[in-house]
Amino acid sequence: MTERAVADDHALAGELAGAAGRLLLGVRDEVGFADARALKDTGDLRAHEYLMAALAERCPGDAVLSEEGRSAAAGKRARGADRAPTGNTADAERLTAGRVWIVDPLDGTREFSEEGRRDWAVHVALWERLPDGGGRLAAGAVALPAQGLVLRTSAAGGALLVRGEAGEPDPVTSGPDQPREVPLHVPAPDAGKLRIAVSRTRPPEFVRLMAERLGAGGGSGGGADGPGGPGGSGEAGRGVDVELVPIGSAGAKISAVLLGEVDAYVHAGGQYEWDSAAPAAVALAAGAHASRIDGAPLAYNRKDPLLPDILVCHPVSAPTLLTGIRDVGAVPPE
Ligand SMILES: Nc1ncnc2c1ncn2[C@@H]1O[C@H](COP(=O)(O)O)[C@@H](OP(=O)(O)O)[C@H]1O
Ligand SMILES: [Mg+2]
């Protein structure tokens with residue numbers, strides 16, 4: 001039986017993601033931007049080691065699956081490191097564990113190494129085994145250190161936006177008269193418009209095709225919101241004004257959906273459980289739709305952590321997007 005070392009896993013996820021985020025801001029200051037490889041390696045390793053040590057101390061007995069913990073098995077060390085990173089819980093143990101922390105110590109490593117970019121994140125999620133043998137994301141937090149924000153699940157149910165936890169509070173959005181913690185609900189899109197976040201470096205080709213089709217009023221119109229698009233009038237032939245917005249980091253893109261900066265995130269072609277576990281936990285708690293691009297639920301703590309595609313949006317947009325994705329032939333075969 002796993003010993004529960006904390007009363008509130010949600011607050012702990014937020015605290016650890018925020019602290020790792022502050023540490024990463026310090027690494028940016030210390031290492032600088034002249035050698036991008038050195039900055040990426042140092043950031044990955046330091047945030048990973050911090051989270052591994054903090055989870056071992058605060059939640060002894062829980063299993064951990066971290067992006068950087070894989071390198072330990074391969075005996076890989078970051079440049080300048082005197083040893084390989086602390087390893088993940090062995091697969092045999094993780095796959096029978098009751099509680100598994102799924103963490104990405106630095107998501108959007110490329111953007112972290114580019115001066116001035118704010119689209120990188122720290123992901124901390126908790127997966128919990130259910131009595132029926134299945135599992136669910138029980139808690140999650142995404143820190144956006146360069147934006148001074150943490151988005152996390154709440155013990156009361158729902159999600160919270162916490163300002164100033166991961167870094168300096170943004171002076172535009174935070175001040176003495178602004179509450180530090182506010183409930184977070186995914187906003188509905190404007191009628192007839194869809195801003196879709198895509199990878200800066202690996203945008204799936206089908207998203208552009210889908211945008212063109214939706215813009216031309218195409219699609220099989222299977223969505224509950226009709227062929228006019230999310231919140232649209234549903235008049236046949238009227239297109240949705242689709243804009244593709246390149247953003248780095250899965251966590252930053254899903255946060256952008258929850259903060260109303262974009263309306264959806266669509267990705268395919270490759271990704272792992274740590275890239276989406278924490279942001280998906282927060283998104284679902286904030287009332288968003290989060291699924292595979294064929295509409296199937298996202299499943300975590302599998303033997304193979306590959307989880308190559310994802311759709312996150314307001315539930316009102318999900319039928320249009322799932323239909324649009326299917327119509328351009330992007331749904332992978334079973
Ligand atoms: N085709 C692919 N294969 C493997 N990982 C991918 C991928 N596309 C995106 N990712 C991972 O998903 C995260 C977000 O990517 P992007 O910024 O391109 O949207 C990145 O995580 P890391 O930065 O932790 O490596 C990236 O490595
Ligand atoms: Mg990642």
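Start at 1 and go down the list; that is how both ligands and their atoms are numbered.
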Counting only heavy atoms, which portion of Asp275 has something under 4.0 Å from ligand 1: side chain, backbone, both, or neither?
side chain
Taking only non-hydrogen atoms of Ser199 and a 4.0 Å limit, the atoms of ligand 1 in range are 16 (P), 18 (O), 19 (O)
Taking the basic N atoms (NZ, or NE/NH1/NH2) and the acidic carboxylate oxygens, is any pair closer than 4.0 Å for Arg94 and Asp91?
yes
In terms of atom number and element, which parts of ligand 1 are under 4.0 angstrom from non-hydrogen atoms of Thr201?
18 (O)
Could you tell me whether the side chains of Ser154 and His10 share a donor-acceptor contact shorter than 3.5 Å?
no
Looking at non-hydrogen atoms alone, which of Leu306, Asp107, Leu106 comes nearest to atom 13 (C) of ligand 1?
Asp107
N/O to N/O below 3.5 Å, does that happen between Gly270 and ligand 1?
yes
Going by heavy-atom distance to atom 27 (O) of ligand 1, choose the closest among His267, Arg202, Gln271, Arg110.
Arg202
Atoms of ligand 1 under 4.0 Å from any heavy atom of Lys253, numbered from 1 in the order shown, are 16 (P), 17 (O), 19 (O)
For ligand 1, the portion of Glu67 having any non-hydrogen atom under 4.0 Å away:
side chain
Sub-4.0 Å protein heavy atom next to atom 15 (O) of ligand 1
no
Give the atom numbers and elements of ligand 1 that come within less than 4.0 Å of a heavy atom of Ala250.
14 (C)
May I ask you to say whether Lys40 pairs ionically with Glu114, meaning some side-chain N is under 4.0 Å from a carboxylate O?
no
Should Glu181 and Arg163 count as an ion pair when the cut-off is N to O under 4.0 Å?
no
Between the side chains of Lys193 and Asp241, is the shortest nitrogen-to-carboxylate-oxygen separation below 4.0 Å, so that they form an ion pair?
no
When you check the gap from the basic side-chain N to the acidic O, do Glu128 and Arg136 get nearer than 4.0 Å?
yes
Counting from 1 in the order shown, the ligand 1 atoms closer than 4.0 Å to a non-hydrogen atom of Gly248 are 17 (O)
Considering heavy atoms of the protein only, find what lies nearest to atom 23 (O) of ligand 1 and give residue, atom and distance to 0.1 Å.
Gly108 N, 2.7 Å
In the single-linkage hydrophobic clustering (I, L, V, M, F, W, Y; side-chain heavy atoms under 4.5 Å), do Leu126 and Leu95 co-cluster?
no
To which protein heavy atom is atom 1 (N) of ligand 1 closest, and what is the distance rounded to 0.1 Å?
Gly269 O, 3.2 Å
With a 4.0 Å cut-off, would you call Glu30 and Arg46 a salt bridge?
yes
Please list, in chain and residue-number order, the protein N/O/S atoms closer than 2.8 Å to the Mg ion (ligand 2).
Asp104 OD2, Asp107 OD1, Asp275 OD1
Tested for salt bridge (Lys or Arg N to Asp or Glu O under 4.0 Å) against Glu111, the lone hit among Lys253, Arg200, Arg118 is Arg200
For the hydrophobic clusters of this structure (ILVMFWY residues joined by side-chain heavy atoms under 4.5 Å, transitively), does one cluster hold both Leu45 and Leu106?
no
Look only at interatomic distance and state if Ser249 has a nitrogen or oxygen under 3.5 Å from any nitrogen or oxygen of ligand 1.
yes
Cationic N near anionic O, under 4.0 Å, Arg117 to Asp119:
yes
Verdict with reasoning, Glu273 to Leu65, per side-chain contact (heavy atoms from CB on, under 4.5 Å):
CA-CA 9 Å; Glu273 290 188 13; Leu65 173 65; 3.9 Å; yes
Please confirm whether Asp104 comes within less than 3.5 Å of ligand 1 when only nitrogen or oxygen atoms on both sides are compared.
yes
Go through Val262 and Ile247 one step at a time and tell me if the side-chain contact (heavy atoms from CB on, under 4.5 Å) criterion holds.
CA-CA 10 Å; Val262 294; Ile247 302 176; 4.2 Å; yes
